Amino acid sequence: MAIRTPRKKQTKLGYHHGNLREAILKESLLWIRKKGLESLSLREIAKILGVSHSAPNKHFPKKDALIASLIEKGFIEFKESLLRGLSSVPDDPKEAFMNSGREYLRFALSNPEMYKLMFSDVISNPKDYPEMEEAGNQAFSVLHQAISRLQDLKIIQAWDSVDMSLMIWSLSHGYSMLCLEGRISRVAESKNPNVVAEEILMERLLSMMGSGIMLSK
């Protein structure tokens with residue numbers, strides 16, 4: 001007679017012990033994509049994951065803590081995207097900078113819910129979440145360091161590097177938000193299937209702005 005051994009009960013997502021935090025973040029982002037931020041509930045996320053309603057409290061004592069962690073995660077991934085663009089053409093800092101602009105837009109278009117959340121005012125007191133604040137600062141520092149390098153190489157004007165970085169970030173962010181809101185028409189076309197119209201326009205914007213800050217040779 002065969003002896004049947006009882007199977008261990010598995011959670012719906014099958015995450016390993018110790019990965020509950022990441023599972024909650026992943027499921028929360030899916031929830032926001034489908035149902036919006038307002039209805040996000042730790043209790044409902046726990047139900048989806050098949051854990052007790054109090055289990056998420058170990059990682060996120062309240063909803064704001066969960067949202068802050070999502071924003072932190074977003075800025076970390078955003079920073080990686082910018083760095084990828086800057087490292088793409090090591091021998092051509094100008095082209096590498098343009099690539100970082102393309103990566104900026106690609107991140108926003110690929111992660112619209114996350115991107116909008118990152119730049120929202122949903123967290124009433126950001127200083128309560130220093131890790132989130134630091135992640136945002138680190139992302140900005142990538143742009144600032146790139147600007148400083150171009151200045152050191154005498155490629156762009158030696159204006160205040162922070163002001164210049166804020167100007168470029170503002171342009172990139174505003175353009176990305178217009179794209180996400182469907183306010184930018186696809187007026188540009190490309191024969192390259194890997195390049196969308198929005199990226200072509202982003203490149204044109206950065207080039208036009210660059211013509212004003214580049215030093216004449």
Side-chain angles (χ1 to χ4, degrees), residues 8-82 84 102-140 142-143 169-186 196-199 202:
K8 293 182 179 181
K9 184 179 179 181
Q10 294 183 338
T11 59
K12 185 174 291 187
L13 292 186
Y15 59 84
H16 298 288
H17 179 71
N19 287 347
L20 179 58
R21 183 180 186 277
E22 288 303 314
I24 293 172
L25 291 173
K26 181 179 179 180
E27 195 61 38
S28 296
L29 186 56
L30 290 174
W31 181 287
I32 293 172
R33 287 175 181 169
K34 295 176 181 178
K35 303 180 181 180
L37 180 63
E38 291 300 321
S39 62
L40 180 63
S41 164
L42 279 167
R43 183 180 290 269
E44 290 300 317
I45 295 299
K47 187 184 298 183
I48 293 172
L49 293 175
V51 298
S52 68
H53 66 83
S54 61
N57 294 343
K58 176 182 179 181
H59 303 285
F60 309 107
K62 57 183 180 178
K63 184 176 175 179
D64 268 10
L66 170 59
I67 295 173
S69 292
L70 282 171
I71 294 174
E72 177 188 354
K73 178 179 176 66
F75 272 117
I76 290 172
E77 295 174 358
F78 181 54
K79 174 186 175 182
E80 292 172 353
S81 295
L82 297 178
R84 183 165 56 249
R102 297 184 188 102
E103 288 292 338
Y104 188 116
L105 180 61
R106 287 171 188 165
F107 179 89
L109 295 179
S110 300
N111 307 275
E113 296 82 11
M114 176 69 87
Y115 184 80
K116 290 178 182 178
L117 183 62
M118 287 159 52
F119 292 100
S120 71
D121 60 354
V122 65
I123 300 296
S124 57
N125 193 355
K127 294 190 180 300
D128 289 342
Y129 302 98
E131 293 87 357
M132 179 193 73
E133 288 261 272
E134 179 60 19
N137 291 335
Q138 286 294 317
F140 179 76
V142 172
L143 173 60
W169 192 310
S170 298
L171 180 146
S172 302
H173 175 69
Y175 176 74
S176 297
M177 287 299 296
L178 287 171
C179 289
L180 291 180
E181 296 297 334
R183 301 295 183 181
I184 299 294
S185 62
R186 293 176 175 270
V196 298
E198 290 88 348
E199 289 182 32
M202 170 67 95

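Sequence positions, counted from 1, serve as the residue numbers for this chain. Just so it is clear, the model here is predicted, and its values are computed rather than measured.
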What I'd like to find out is whether the side chain of [X] reaches to under 4.5 Å of the side chain of [Y], using heavy atoms alone.
| X | Y | result |
| --- | --- | --- |
| Tyr115 | Tyr104 | yes |
| Leu66 | Ser28 | yes |
| Phe78 | Met118 | yes |
| Pro126 | Met132 | yes |
| Asp64 | Asp128 | no |
| Met114 | Arg33 | no |
| Glu133 | Ile71 | no |
| Phe75 | Glu134 | no |

List the atom of [X], the atom of [Y], and the distance in Å for their closest heavy-atom pair.
| X | Y | value |
| --- | --- | --- |
| Ile32 | Glu113 | CG2-CB, 4.2 Å |
| Ile76 | Ala135 | CG1-CB, 4.3 Å |
| Leu117 | Val122 | CD1-CG1, 3.9 Å |
| Cys179 | Leu109 | CB-CD2, 4.1 Å |
| Ala108 | Leu180 | O-CD2, 3.4 Å |
| Leu42 | Pro56 | CD2-CB, 3.9 Å |

- Message: Going by salt bridge (Lys or Arg N to Asp or Glu O under 4.0 Å), name the residues that satisfy it together with Lys79, two or more places apart in sequence or in a different chain.
- Response: none
- Message: List the residues meeting salt bridge (Lys or Arg N to Asp or Glu O under 4.0 Å) with Glu131, not counting sequence neighbours, and say none if there are none.
- Response: none
- Item | Presence of salt bridge, Lys73 and Glu77, under 4.0 angstrom | yes
- Item | Step-by-step side-chain contact (heavy atoms from CB on, under 4.5 Å) determination, His59 to Ser69 | CA-CA 10 Å; His59 303 285; Ser69 292; over 6 Å; no
